[in-house]
Amino acid sequence: MSDSEHDNLTGTFFKVLEEPLPARGNESDPCRPLVGRTTDGKAVMARYHGEIGAPCLGDFKKTLENLLSGQTGILILDFFFLSRLSHSAAGVLVSFAADVLGRGKKLYLYRAGPQAEQLLSKLAIKYFFDFLQNEDDLIAVFPLDYAA
């Protein structure tokens with residue numbers, strides 16, 4: 001699927017964001033995602049690009065902690081443009097998932113690529129996450145007023 005097709009796929013969800021996210025992640029600094037929130041503050045999405053490995057672990061963990069702070073109840077990590085997730089980053093992600101659950105919030109991995117899904121399966125930690133494959137899955141997790 002081309003990038004332009006993905007621009008259209010995510011259009012419905014991104015219409016409810018305060019500032020729409022560009023179609024790609026933050027190519028100039030892959031350690032820091034582009035972040036957008038819904039106008040009512042109920043959901044936040046972070047879009048990653050490139051690799052999350054040893055050089056980015058500190059920034060990755062800090063960004064996840066920042067996403068968790070506040071009143072947002074739905075956290076979405078968009079991994080479509082993520083080319084590689086390291087074993088260490090997967091460990092950080094599992095810890096984050098436990099923190100999210102402990103605070104009564106929901107975490108979704110949106111458009112996780114094959115490398116990330118394979119790694120999470122290989123490490124037997126895939127069950128920690130809810131996966132959303134496309135915009136229909138994404139819209140399904142929101143109240144009906146989002147889909148209008």
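Atom-to-atom distance recorded for Arg111:CZ and Leu77:CG is 12.5 Å, nearest 0.5 angstrom. Rounded to the nearest 0.5 Å, atoms OH (Tyr108) and CG (Leu138) are 9.5 Å apart. Separation of atoms CD (Glu135) and OH (Tyr110) is listed at 5.5 Å; rounding is to 0.5 Å. Here the straight-line distance linking atom CZ of Phe60 with atom CD1 of Ile52 works out to 4.0 Å at 0.5 Å rounding. Distance check, rounded to the nearest 0.5 Å: CG of Leu68 to OG1 of Thr63 gives 12.5 Å. Atom NZ in Lys42 sits 8.5 Å away from atom CD1 in Ile74 (nearest 0.5 Å).
Residues that satisfy the salt bridge (Lys or Arg N to Asp or Glu O under 4.0 Å) test with Asp130, not counting sequence neighbours, are Lys106. For Glu65, the side-chain contact (heavy atoms from CB on, under 4.5 Å) criterion is met by Lys61, not counting sequence neighbours. Residues passing the side-chain contact (heavy atoms from CB on, under 4.5 Å) test with Ile125, sequence neighbours excluded: Ala90, Val94, Leu120, Leu123, Phe128. With sequence neighbours excluded, the residues that form a salt bridge (Lys or Arg N to Asp or Glu O under 4.0 Å) with Glu117 are Lys126. Take Ser86 and apply the side chain to side chain donor-acceptor pair (under 3.5 Å) test, not counting sequence neighbours, and it matches no residue.
Minimum interatomic distance between Val35 and Ala46 (heavy atoms only, all atoms of both residues): CG2-CB, 4.2 Å. Taking all atoms of both residues into account, the shortest heavy-atom contact from Ala112 to Phe79 is CA-CB, 3.9 Å. Closest approach of Leu67 and Leu75 over heavy atoms only: O-CD2, 3.4 Å. When all heavy atoms are compared, the tightest approach of His87 to Lys122 is NE2-NZ, 4.4 Å.
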* Determine, stepwise, if the pair Leu85 / Leu93 fulfils side-chain contact (heavy atoms from CB on, under 4.5 Å). => CA-CA 10 Å; Leu85 182 71; Leu93 200 53; 4.2 Å; yes
Tell me which donor-acceptor pairs under 3.5 Å the side chains of residues 95-103 have, and how far apart each pair is, sequence neighbours excluded?
none

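Contact annotation: the side chain of Pro33 never approaches that of Arg47 to less than 4.5 Å [non-hydrogen atoms, C-beta and beyond].
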